[in-house]
Structures are given as C-alpha cells and as structure tokens.
2 protein chains.
Amino acid sequence: MVSESTDLRVIKTRAAIEMTFLDLLLQKKFNALTVKDIASAARIGRGTFYLHFLDKYDLLEKVIDEGLNETVERFHPRTYFVDGKVSFDRITGFVQTMFRHFKKNDRFFRAMFFNEDIPMFRQRMQERFLSKFQQEIGQMNLPVIEKDPLMLKIMPIFVSSAMIGLLSWWFEQQAKISEEEIARRILVIMTQGPLRALGLDV
Amino acid sequence: MVSESTDLRVIKTRAAIEMTFLDLLLQKKFNALTVKDIASAARIGRGTFYLHFLDKYDLLEKVIDEGLNETVERFHPRTYFVDGKVSFDRITGFVQTMFRHFKKNDRFFRAMFFNEDIPMFRQRMQERFLSKFQQEIGQMNLPVIEKDPLMLKIMPIFVSSAMIGLLSWWFEQQAKISEEEIARRILVIMTQGPLRALGLDV
DNA sequence: TAATTATTGAACACAGTGTTCACTATGAGC
DNA sequence: GCTCATAGTGAACACTGTGTTCAATAATTA
C-alpha cells in the first residue's frame with residue numbers, strides 16, 4: 001500500500017487526488033462522493049486510487065491529519081504567561097497569528113467545517129487543540145494543580161471546545177471579521193469571564 | 001410519506017426501528033450500518049423500513065431531532081439573572097438539572113457522541129443550544145448590546161460550544177463526576193473567566 | 001364482521017465497491 | 001540516452017447494498 005515514495009508519478013498522482021478531493025468537498029457532500037467521482041475528476045483510473053488509499057474514508061483521514069498537523073505546529077512553543085501572569089500582548093498576538101493561518105488555509109477549513117457530513121472533523125480538531133493546550137499548561141506549574149485538579153481538567157476542554165465553535169462561526173461569516181477584533185474579544189472573555197464580558201454584574 | 005398515524009402497527013414498527021437503531025449505534029459505526037441490519041434487528045421486512053423513512057440518514061435525522069427537542073425543552077423559561085445580576089444558585093441549579101437530564105438519556109447521547117461518524121450531531125446540538133441561549137440573552141436588555149454588539153454575538157457561541165465539549169468529555173468519563181462538581185467549576189469559569197479559574201494572576 | 005391499510009417477501013434494475021490482469025507509459029539510476 | 005523497475009490503465013469480475021414494485025397476507029379500526 002502506501003509507503004513514502006519519491007517517484008514523481010506517485011507524488012503527482014497523490015497530489016492530484018488530494019487537491020481534487022478538497023475541490024469536490026467544497027461542492028458536494030462527503031457521503032455523496034464516490035471513488036469514481038474523485039478518480040475521474042483527478043484524471044486517473046479508478047483502480048489507481050486504490051493503489052494509494054484504502055477507500056475514501058482513508059483519504060479523508062489522511063487529508064485531515066495533514067491539515068491538522070500543519071495547524072497544530074503553529075502553536076509553537078511560546079509562553080503566553082510570564083511567572084504565572086498573563087501577557088496580554090502575547091496572547092493577543094498568538095490568537096491573531098492563529099486566525100491568519102486559518103484564513104490562509106481557507107480551502108481546507110471550509111471543506112471540513114461546512115461539508116455536512118465529514119465524520120469527526122471537529123472532534124479531531126478539538127482533540128489536537130486540547131492536547132497541545134494541556135501540554136502548554138502542564139509546563140506552567142500552576143497553584144490550582146494541587147488545589148483543584150478537576151478544574152485543571154475541565155478548563156482546557158472548555159476553552160478548546162469554545163475555540164473550535166468560534167472558528168467555525170468565523171468561517172461562516174466569510175472570515176471577514178478581522179483577527180484583531182476577534183482576538184480582543186477572546187482576551188476579554190478569557191480574562192474577565194463570559195458573564196462580565198457581556199457587561200453583567202457578578 | 002410519514003404522517004402522524006395512530007395505527008398501532010405503525011407505532012410499534014417505528015418504535016422498534018428507532019429503538020433498534022440506537023442499540024445498533026452503540027455497537028457499530030453509523031456508516032457500517034445497513035438498512036438490512038436495522039430491519040432484521042428490528043424484526044421487520046426491509047421494505048417496511050422504506051414505508052417509514054427515506055433511508056438511514058432520514059432515520060438518523062429524525063432520531064436526533066427528537067432527542068434534541070426533548071433536551072432543549074428542559075432549558076425552560078427561567079431567569080438566571082435578576083436585574084442584570086447573576087443568581088449563582090439559579091445558574092448552579094440549572095446546570096445540575098441539565099446534567100441530570102443527560103445522564104437520564106444516556107443511551108441517546110452516548111450513541112450520538114461516540115459513534116465515530118454520526119454526521120453533524122455536535123453541530124446540530126450546538127445550534128440548538130446556541131439559539132436557545134441567544135433567546136434568553138435577547139430578553140435581558142444588556143448594556144453591552146449598544147457598546148459592543150460583536151461581543152454579544154461571540155460570547156454565546158463561545159459558551160455553547162464550550163458546553164458541548166464539556167458534555168462530551170463528561171460522558172467519556174462515564175458520567176461519574178457528580179452534577180454538583182461540574183456545576184461548581186462551570187460557575188467559576190463563567191464568573192471569573194478561564195484564566196483566573198486556573199489560579200492565574202490577571 | 002367488513003373494510004381498510006400496514007406489513008411481508010421475493011424479485012428487479014442499478015450503482016458503487018474493491019480486486020484482478022495483461023498492457024502501456026514514465027520516471028530512476030547507471 | 002538506455003534499460004529496468006514500477007506506476008498507471010482500463011476492462012472485467014463478483015459482490016453488497018439500494019430503493020422500488022407487486023400480489024398476498026396480516027393486523028387494526030370502526
């Protein structure tokens with residue numbers, strides 16, 4: 001089956017398949033896509049498809065993995081906190097960088113978020129976000145670790161999940177809200193809490 | 001096609017199909033399920049299935065809708081705020097009630113959250129949560145509406161999305177963490193913000 | 001009980017799957 | 001450039017599931 005090949009023919013074929021696949025996903029439901037559709041749009045024989053992927057689910061899996069790998073790598077080892085104190089500038093900068101990345105890889109994220117029946121894309125993405133987030137927090141030596149370990153579990157889940165939802169909504173809005181605008185609101189919610197962010201008296 | 005029938009045979013058949021369907025979803029991937037599987041497990045003819053549903057996607061749709069309708073109805077018209085001030089007890093009580101509901105409808109939520117390829121369950125659920133949430137907030141006449149309408153959009157998305165993620169995690173933990181424990185943490189995150197909740201200096 | 005209608009099961013054409021095989025074409029390495 | 005290895009082709013194959021039909025049967029209603 002698939003092993004890392006340097007043969008130009010292989011590289012071309014795979015690229016054609018993956019490209020075409022994203023294109024088709026932007027037009028059609030994943031469930032409605034057939035291997036035949038993909039093969040003919042990629043201008044390869046249907047049998048050739050099976051030389052590279054087990055089936056369309058395998059293809060989807062690989063495309064998702066590649067996309068998320070690239071994304072998570074952007075979370076690069078920076079610290080947004082200095083001595084347990086929030087660096088507002090760093091967080092804001094980080095959020096902006098992330099949203100810029102999403103905008104750049106627009107095609108991938110649109111295909112994944114808005115195709116009605118991509119199995120598990122959001123879950124996958126959230127898992128990746130979460131584990132990276134937990135890693136970062138793990139290195140921070142927080143007082144809450146001893147005092148309230150459950151909070152240490154819950155908060156990253158809460159936040160990573162929230163971010164995926166926000167991201168999806170942002171794409172729905174044609175990603176026309178600027179990174180700065182979003183980043184500022186996120187910072188307020190993160191530091192003051194959702195209720196105070198709405199102007200509620202707490 | 002389907003219209004509300006009172007014929008006992010119809011009621012029985014539909015109930016059998018929907019019951020069986022949930023059972024099968026707890027054992028098998030949705031994609032791997034065939035109409036034949038469902039029909040034979042429900043002890044009906046395959047043709048009979050098509051007298052009630054267009055296909056397995058239609059069935060899924062209907063089961064999801066019913067489940068979410070029941071759930072959203074629990075959000076019943078209460079106010080968790082009094083004169084723009086948070087009522088901690090009411091929010092806590094509300095969150096606990098919700099989690100109790102989830103526990104009771106365990107079979108449904110497990111089937112939906114953990115079946116690897118249920119198309120769109122989380123999205124659907126989030127949409128329903130969000131719209132209910134927005135309704136509630138809309139009735140509250142908040143100062144932020146004028147000052148920062150974008151925040152009014154973002155915050156409910158952030159929170160409803162976060163809640164779905166938390167819920168899914170809770171089920172993964174076999175729902176063995178008590179409603180009280182969860183509710184307390186959620187309240188802290190909501191009122192103080194995720195960062196302060198972790199004990200960070202903001 | 002009679003009339004109605006839901007269910008049955010077998011048959012049908014159809015579409016997509018994943019595999020195979022002999023043949024062709026194209027890149028890799030000398 | 002030439003040669004060898006191998007990727008891609010396209011047609012054929014059996015197979016599984018789909019969604020529909022139809023006459024016969026069973027259950028429900030009134």
Side-chain angles (χ1 to χ4, degrees), chain A residues 1-25 27-64 66 115-120, chain B residues 1-25 27-64 66 115-120:
Chain A
M1 245 215 30
V2 175
S3 63
E4 279 146 71
S5 168
T6 48
D7 192 318
L8 231 180
R9 290 170 294 180
V10 173
I11 293 168
K12 269 191 196 164
T13 304
R14 291 214 189 131
I17 292 175
E18 298 194 1
M19 271 294 198
T20 305
F21 182 56
L22 270 196
D23 280 341
L24 292 178
L25 280 183
Q27 301 164 26
K28 231 176 151 179
K29 284 187 174 191
F30 174 75
N31 281 331
L33 268 187
T34 67
V35 173
K36 198 182 152 195
D37 290 339
I38 299 167
S40 76
R43 297 165 186 283
I44 59 162
R46 194 168 63 86
T48 308
F49 178 92
Y50 291 104
L51 292 169
H52 297 277
F53 303 96
L54 290 172
D55 50 32
K56 66 172 180 169
Y57 300 97
D58 185 45
L59 169 59
L60 176 65
E61 200 104 336
K62 278 169 181 152
V63 169
I64 288 183
E66 283 168 29
N115 201 292
E116 264 200 19
D117 42 21
I118 294 281
M120 302 285 285
Chain B
M1 249 219 31
V2 175
S3 63
E4 280 146 72
S5 169
T6 48
D7 192 318
L8 232 179
R9 289 169 295 181
V10 172
I11 293 168
K12 270 190 195 164
T13 304
R14 291 212 189 132
I17 292 175
E18 298 194 1
M19 271 294 198
T20 305
F21 182 55
L22 271 195
D23 280 341
L24 292 178
L25 280 183
Q27 302 163 26
K28 231 177 150 178
K29 285 187 175 191
F30 174 75
N31 281 331
L33 268 187
T34 67
V35 172
K36 198 182 151 195
D37 290 339
I38 299 166
S40 76
R43 297 163 187 284
I44 59 162
R46 194 167 64 86
T48 308
F49 178 92
Y50 292 104
L51 292 168
H52 298 277
F53 303 97
L54 291 172
D55 50 33
K56 67 171 180 170
Y57 300 97
D58 185 44
L59 169 60
L60 176 66
E61 200 104 336
K62 278 170 183 153
V63 169
I64 288 183
E66 282 168 29
N115 201 292
E116 264 200 19
D117 43 21
I118 295 279
M120 302 286 283

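Residue numbering restarts at 1 for every chain, and letters A, B, ... go by the order of the sequence lines.
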Which residues pass the side-chain contact (heavy atoms from CB on, under 4.5 Å) test with [X], sequence neighbours left out?
| X | answer |
| --- | --- |
| B/Thr34 | B/Lys36, B/Asp37 |
| B/Ala32 | B/Lys28, B/Lys29 |
| B/Thr13 | B/Ile17, B/Ile44, B/Thr48, B/His52 |

Integer-rounded Å distance: [N] [atom2] and [X] [atom1]:
| X | N | atom1 | atom2 | answer |
| --- | --- | --- | --- | --- |
| A/Arg9 | C/dA28 | CZ | P | 8 Å |
| A/Leu54 | C/dG16 | CG | C1' | 17 Å |
| B/Phe49 | C/dG9 | CZ | P | 17 Å |

Next on the checklist: For B/Phe53 and B/Glu61: C-alpha separation, side-chain torsions, deciding distance, then whether side-chain contact (heavy atoms from CB on, under 4.5 Å) applies.
Outcome noted: CA-CA 10 Å; B/Phe53 303 97; B/Glu61 200 104 336; over 6 Å; no
Next on the checklist: So if I take the C1' atoms of five pairs at each end of the helix from C/dT1-D/dA30 to C/dC30-D/dG1 and get each local axis, what angle do the two axes make, rounded to 10 degrees?
Outcome noted: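 Its terminal axes enclose an angle near 50°.
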Next on the checklist: With a 4.5 Å cut-off on side-chain heavy atoms, are B/Leu59 and B/Ile38 touching?
Outcome noted: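 Yes, close enough: below the 4.5 Å cut-off.
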Next on the checklist: Testing the basics here: between B/Leu25 and B/Asn115, what is the closest heavy-atom pair and its distance to 0.1 Å?
Outcome noted: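 Heavy atoms only, the tightest pair is O-ND2, 2.7 Å.
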Next on the checklist: Testing the basics here: between A/Ala16 and A/Ala42, what is the closest heavy-atom pair and its distance to 0.1 Å?
Outcome noted: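 Closest heavy-atom pair between A/Ala16 and A/Ala42: O-CB, 3.9 Å.
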Next on the checklist: Suppose we call a contact any N or O donor and acceptor under 3.5 Å apart; does that hold for the side chain of B/Arg46 and the base of C/dG9?
Outcome noted: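 Checked by distance alone, the answer is no.
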Item to check | Residue pairs, two or more places apart or on separate chains, that pass salt bridge (Lys or Arg N to Asp or Glu O under 4.0 Å) and touch residues 15-24 of chain A | outcome: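 Qualifying pairs, neighbours excluded: A/Asp23-A/Arg107.
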Checklist entry - Which pairs count as ring-ring contact (aromatic ring centres under 6.0 Å, His included) when at least one residue sits in residues 5-24 of chain A, sequence neighbours excluded? => result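 Those involving residues 5-24 of chain A do not exist here.
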Checklist entry - Is A/Lys56 touching bases, backbone alone, or none of the nucleic acid, heavy atoms closer than 4.0 Å? => result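 Nothing, no nucleic acid heavy atom in range.
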Item to check | Those residues that, when tested against B/Glu66, pass salt bridge (Lys or Arg N to Asp or Glu O under 4.0 Å) (two or more places apart) | outcome: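 Salt bridge (Lys or Arg N to Asp or Glu O under 4.0 Å) list for B/Glu66, sorted by chain: empty.
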Next on the checklist: Taking salt bridge (Lys or Arg N to Asp or Glu O under 4.0 Å) as the definition, give me every residue that meets it alongside B/Asp7, ordered by chain and number, with sequence neighbours left out.
Outcome noted: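 Once residues adjacent in sequence are excluded, the partners of B/Asp7 under the salt bridge (Lys or Arg N to Asp or Glu O under 4.0 Å) criterion are B/Arg9.
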Item to check | Members of residues 28-45 of chain B that approach DNA chain D, where some heavy atom sits under 4.0 Å away | outcome: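 Heavy-atom cutoff 4.0 Å gives B/Thr34, B/Val35, B/Lys36.
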Checklist entry - With nearest nucleotides of DNA chain D determined for B/Leu8 and B/Gly47 from heavy-atom distances, which residue corresponds to the more 5′ nucleotide? => result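 The residue mapped nearer the 5' terminus is B/Gly47.
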Checklist entry - Do the side-chain N or O atoms of B/Lys12 get closer than 4.0 angstrom to the phosphate oxygens (OP1, OP2) of C/dT7? => result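 No, outside the criterion.
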Item to check | Outermost DNA chain D nucleotides near chain B [under 4.0 Å, heavy atoms] | outcome: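 First-to-last contact on DNA chain D, by the 4.0 Å heavy-atom rule, is D/dG17 to D/dT29.
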